[in-house]
Amino acid sequence: MASFRTIDDLGDLTGKKVLLRSDLNVPVQDGRVSDKTRLTATAPTIKDLLAKGATVLVLSHFDRPKGKRVPEMSLKPIAPALGEVLGMDVAFVDDCVGAEAEAAVAALPAGSVAVLENTRFHAGEEKNDAELAQGMARLGDIFVNDAFSAAHRAHASTEALARVLPAYAGRSMEKELTALENGLGNPERPVAAVVGGAKVSSKLDVLTNLVGKVDHLIIGGGMANTFLAARGVSVGKSLCEHDLAETALSILAKADEAGCTVHLPYDVVVAKEFKANAENRVVNVHEVGEDEMILDVGPAAVEALGDVLKVCKTVVWNGPLGAFEIAPFDRATVALAKTAAALTQGGSLTSVAGGGDTVAALNHAGVSQDFTFISTAGGAFLEWMEGKALPGVEALKN
Ligand code: AMP
């Protein structure tokens with residue numbers, strides 16, 4: 001697929017400064033980084049650049065300061081946390097542009113790593129301002145983008161900068177793009193998509209794009225209720241967007257035309273209350289009581305869905321099949337995730353998953369290590385599932 005350049009295309013970088021766009025927007029609690037996943041994710045890129053002799057200047061946004069200096073949103077405390085992950089000292093430079101930053105960067109020892117201050121302290125960042133990008137570019141010789149999770153936004157440090165300096169994909173970006181290409185871009189067929197979660201309205205573009213691309217579309221979660229209701233099923237008190245019935249039917253019609261089989265649950269787990277261990281029963285979708293709500297896909301449907309995955313070579317997954325945060329309505333999600341994981345480990349299935357709740361659900365199922373790839377990007381992963389071009393990725397292609 002290599003339609004963009006990677007670190008492998010870079011030669012000796014001795015004496016060169018690399019501007020590396022990472023995602024250092026990590027959760028911080030009481031001044032300490034509580035989840036280092038994103039730091040660990042970009043570490044291999046930094047190490048490879050150092051091994052080639054470069055000085056690495058890490059650019060990132062942090063939180064939403066909206067173009068102003070907000071001291072609580074400084075990246076300063078992240079520098080030592082990144083240092084711990086890398087096992088070396090990491091310097092901090094108080095700005096990502098301007099004369100002072102240029103002087104501080106010039107004073108760095110060759111072969112060192114520095115975190116530059118929050119790009120969003122500048123209003124031009126979110127405006128994809130060319131002048132800001134020019135200013136950043138004065139600090140370095142080469143641009144490497146390792147922040148797939150920020151690639152759906154055309155910002156100065158993700159898009160404009162890639163058009164000013166020679167641009168390359170970092171290791172983490174490369175891994176994401178390769179996995180996504182194998183998942184939907186050019187997947188081994190048959191390919192299935194699992195789309196769950198609360199609402200149809202938040203994933204309309206995802207569903208519309210997928211029916212034209214996949215062989216099997218598995219719909220679960222609250223959004224399945226909207227489809228069932230559109231087909232005339234009484235869903236009682238279930239979460240359901242009745243006003244989207246027409247939309248749901250047109251998605252089903254489009255699937256039909258494209259030769260995509262849509263799988264909706266035919267048995268479901270229902271309860272009268274939305275709470276852990278609520279009294280519940282398994283029923284056929286046509287037997288949901290007026291005072292009941294559907295909280296999970298039923299065991300017979302889950303088994304059939306597992307059989308679908310068995311004949312597929314690829315699965316792309318976003319969203320839980322049920323209200324997985326509360327027991328026992330996590331069962332369908334856990335069971336299908338385990339099937340996907342086992343098929344992946346057995347070598348017959350490539351499994352790609354992503355999106356905030358999905359990662360939590362797969363962690364809950366204990367299968368995160370067994371999927372081919374799990375993207376930690378939320379918005380960028382969804383926009384990719386919608387079939388949209390991601391500005392940060394497009395800019396790397398030129
Ligand atoms: P999303 O953020 O759109 O992926 O939605 C995830 C949320 O959907 C989770 O918090 C689930 O609890 C919720 N959810 C999944 N299935 C159902 C359901 N049948 N009824 C209500 N909520 C559900």
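Counting starts at 1 for both ligands and their atoms, in listed order.
Close approach to P320 involves these atoms of ligand 1, each under 4.0 Å from a residue heavy atom: 4 (O), 6 (C). Ligand 1 places these atoms under 4.0 Å from at least one heavy atom of G197: 1 (P), 3 (O), 4 (O), 5 (O), 6 (C), 8 (O).
Using a 4.0 Å cut-off between charged nitrogen and carboxylate oxygen, D267 and R281 do not count as a salt-bridge pair.
What sits closest to atom 20 (N) of ligand 1 on the protein, heavy atoms only, is I294 O, 3.6 Å. Scanning the protein heavy atoms around atom 11 (C) of ligand 1, the nearest turns out to be E325 OE1, 3.5 Å. Atom 22 (N) of ligand 1 has as its closest protein heavy atom L239 CD2, 3.9 Å. Of the protein's heavy atoms, D357 OD2, 2.9 Å lies nearest to atom 2 (O) of ligand 1. In terms of protein heavy-atom proximity, atom 8 (O) of ligand 1 is nearest to A198 N, 3.2 Å. In terms of protein heavy-atom proximity, atom 4 (O) of ligand 1 is closest to K203 NZ, 3.0 Å. Counting only heavy atoms of the protein, atom 23 (C) of ligand 1 lies nearest to G222 N, 4.1 Å.
Here M223 has no heavy atoms under 4.0 Å from ligand 1, in either its backbone or its side chain.
Few gaps surround CD on E287; more than 12 heavy atoms of other groups in view lie less than 6.0 Å from it. For K36, the NZ atom sits in a packed shell: over 12 heavy atoms of surrounding residues, nucleotides or ligands are nearer than 6.0 Å. For R331, the CZ atom sits in a loose shell: 12 or fewer heavy atoms of surrounding residues, nucleotides or ligands are nearer than 6.0 Å. Other residues, nucleotides and ligands contribute over 12 non-hydrogen atoms within 6.0 Å of the NZ atom of K52.
At least one side-chain heavy atom of L50 sits under 4.5 Å from a side-chain heavy atom of V113.
At a 4.0 Å cut-off, not a single heavy atom of M293 sits close enough to ligand 1 to count as contact.
Note that CD1 of I7 is 4.5 Å distant from OG1 of T45, once rounded to the nearest 0.5 Å.
Judged purely by distance below 3.5 Å, without hydrogens or angles, the side chains of K388 and N209 never pair a donor atom with an acceptor atom.
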